[in-house]
2 protein chains.
Amino acid sequence: MSHTLGIRQAQKQKTRQALMDAALALLEEQSLSSLGLREVTRAVGVAPTAFYRHFRSTADLGVALVEEALGSLHPMIRTTVTSADSSGERIKRAVELIAGHVTAYPAHVRFIARERHGGVQPVREAIREQLGRFAHEVKAELAKDAEAAGWSDDDLLMLSHLYVDQMLITASLFLEALEASPEDRERVTLLAARQMRLISIGRHHWLD
Amino acid sequence: MSHTLGIRQAQKQKTRQALMDAALALLEEQSLSSLGLREVTRAVGVAPTAFYRHFRSTADLGVALVEEALGSLHPMIRTTVTSADSSGERIKRAVELIAGHVTAYPAHVRFIARERHGGVQPVREAIREQLGRFAHEVKAELAKDAEAAGWSDDDLLMLSHLYVDQMLITASLFLEALEASPEDRERVTLLAARQMRLISIGRHHWLD
DNA sequence: TCATCCAGTTAACAACTGTTCTCCGGAATT
DNA sequence: AATTCCGGAGAACAGTTGTTAACTGGATGA
């Protein structure tokens, strides 16, 4: 059983989380490479120097945000993949699952989409590594399916990356449509579902 | 007949281009939202105030860079699509065409990949609009093909977006592998070719 | 209870930012 | 030849940045 961490460490983690939350909010309108340390502390209501008690730099903060954001994405990806076979009904449900996640954690999704190719190398690397993990996880999930019979490991991984990228593209589309009309959001849903269906069809006929 | 633009306008365009080139170089290691106006002028060797003679802000510069970068991408996309049918040989050639473009204009590709989801709204919008144009162009190209018979306009556009996104993903992969070993670059080529082949297969069986 | 620890504070630093206004000198126009 | 135009220079502005050092006070562990 974990010992109740003292009121000291509790406070520390609390302000640490506050810094991360404030940063995530500020990153809605800028990129990490322009995020200032003072800007973040000011938003939290804490002295600039307090920042160093938690992070070496804003890049360091960024890496921490990657863990948090992709940690929350983790369960969704698994659920999405297991229901992403050719059946139109299940595909649409998978897409709606992505839509729900974007609605629940828009800042996380925005951060990942923005910094995946962003200007801060350590953060790019962290995202790349985590997405690589996801791809391997997806591959393991795909391998369970009967349709994976006869597939090489390389091909399975290739398809996994395709799925992961497609998920990010779809999430980004929903992000743009976050404040749009329900009709527009429905159009995004249908578009994403058809793209995923086309991929599933390609998967089905891969070994022909 | 276009009149030879005076030595005055010529000089103006020259420094304007110098500013854009310097900015593109500086953006290799940061995002547009952190690019400073003084930083750019310093790199060109010109007074900070001269910047305003050409651009309202760095965001404005960014929009100009979008036009330049996607202008150079324009002919490549057309060539890529026309050779992206199911035939394995042609697909591989299309992928190598992308690889060549990335090698020729790495800064352009990096800029688009980075700022597509970046922190500067007008630039995001400009990229979105241009990519939308590309998708429509690709659609027109696909419609010429015999395989497009029976396809709805919506489905053709859906496939076009899939192709455009896939091209960007592939380009970004080659960008990461720019300084990698030839073996790694070849692996990227094979991966991208197989992903494109899977999409082509899905396209082929779409109407089943 | 007392000494230690340590998250957060205060103050100060040189360096940098975007923007304004005024000016210069050569090209363009008349 | 005389005048207007205009890309660029220069200086100055208030405000911001990251980083340092020394300090404070409450939680922690002996």
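Below, chains carry the letters A, B, ... as their sequence lines are ordered, and counting in each starts from 1.
Here the C1' atom of nucleotide D:dG7 and the CZ atom of B:Phe55 are 14 Å apart, to the nearest Å. Here D:dT28 presents its P atom at 14 Å from NZ of A:Lys12, a figure rounded to the nearest Å. Atom-to-atom, CG of B:Leu19 to C1' of D:dG8 comes out at 11 Å; the value is rounded to the nearest Å. At whole-Å resolution of the value, OH in A:Tyr52 and P in D:dT20 are 6 Å apart. In this structure, CG of A:Leu35 is placed 10 Å from P of D:dT17, rounded to the nearest angstrom.
From the 5' end on, the contacts that DNA chain C makes with chain A at under 4.0 Å to a non-hydrogen atom open and close at C:dC5 to C:dA12.
Comparing D:dT28, D:dG8, D:dG10 against the side chain of B:Thr49 picks out D:dG10 as the nearest. If you check D:dT28, D:dA9, D:dT17 against the side chain of A:Arg38, the one that comes closest is D:dT17.
Residues passing the salt bridge (charged side-chain N to carboxylate O under 4.0 Å, His left out) test with A:Asp60: none are found, sequence neighbours excluded. Partners of A:Lys14 according to the salt bridge (charged side-chain N to carboxylate O under 4.0 Å, His left out) rule, which considers only residues two or more places apart in sequence or in another chain, do not exist here.
Taking the six-membered ring for Trp and thresholds of 30 and 60 degrees, A:His101 and A:Tyr105 have ring planes inclined between 30 and 60 degrees apart.
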Study note, to complete from the structure: Secondary structure of DNA chain C per the Watson-Crick/G-U criterion (both distances under 3.5 Å; [ ] crossing, | other strand, . unpaired) is ||||||||||||.||||.||||||||||||
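Along DNA chain D, the nucleotide closest to A:Arg53 and the one closest to A:Arg42 are compared, and the more 5′ of them pairs with A:Arg42. With DNA chain C read from its 5' end, the first of the two nearest nucleotides for B:Ile7 and B:Thr58 is the one closest to B:Thr58. When the nearest nucleotides of DNA chain C are assigned to B:Glu39 and A:Gln11 by heavy-atom distance, the more 5′-ward of the two goes with A:Gln11.
Here the side chain of A:Gln195 pairs a donor or acceptor atom with the backbone of B:Met158 at under 3.5 angstrom. With hydrogens and angles disregarded, no donor-acceptor distance shorter than 3.5 Å links the side chain of B:Arg16 to the backbone of B:Arg53.
Sorted by first and then second residue, the ring-ring contact (aromatic ring centres under 6.0 Å, His included) pairs with a member in residues 30-54 of chain A read A:Phe51-A:Phe55; sequence neighbours excluded. A ring-ring contact (aromatic ring centres under 6.0 Å, His included) check over residues 111-139 of chain B, counting only residues at least two apart or in different chains, returns the pairs B:His74-B:Phe134.
Heavy atoms of other residues, nucleotides or ligands lying less than 6.0 angstrom from CD of A:Glu29 number 12 at most.
Using a 4.0 Å heavy-atom criterion, one finds that B:Thr15 contacts the sugar-phosphate atoms exclusively.
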Exercise for review: Please step through side-chain contact (heavy atoms from CB on, under 4.5 Å) for the pair B:Leu142 and B:Glu147, ending with a clear verdict.
Suggested key: CA-CA 8 Å; B:Leu142 290 177; B:Glu147 210 172 345; over 6 Å; no
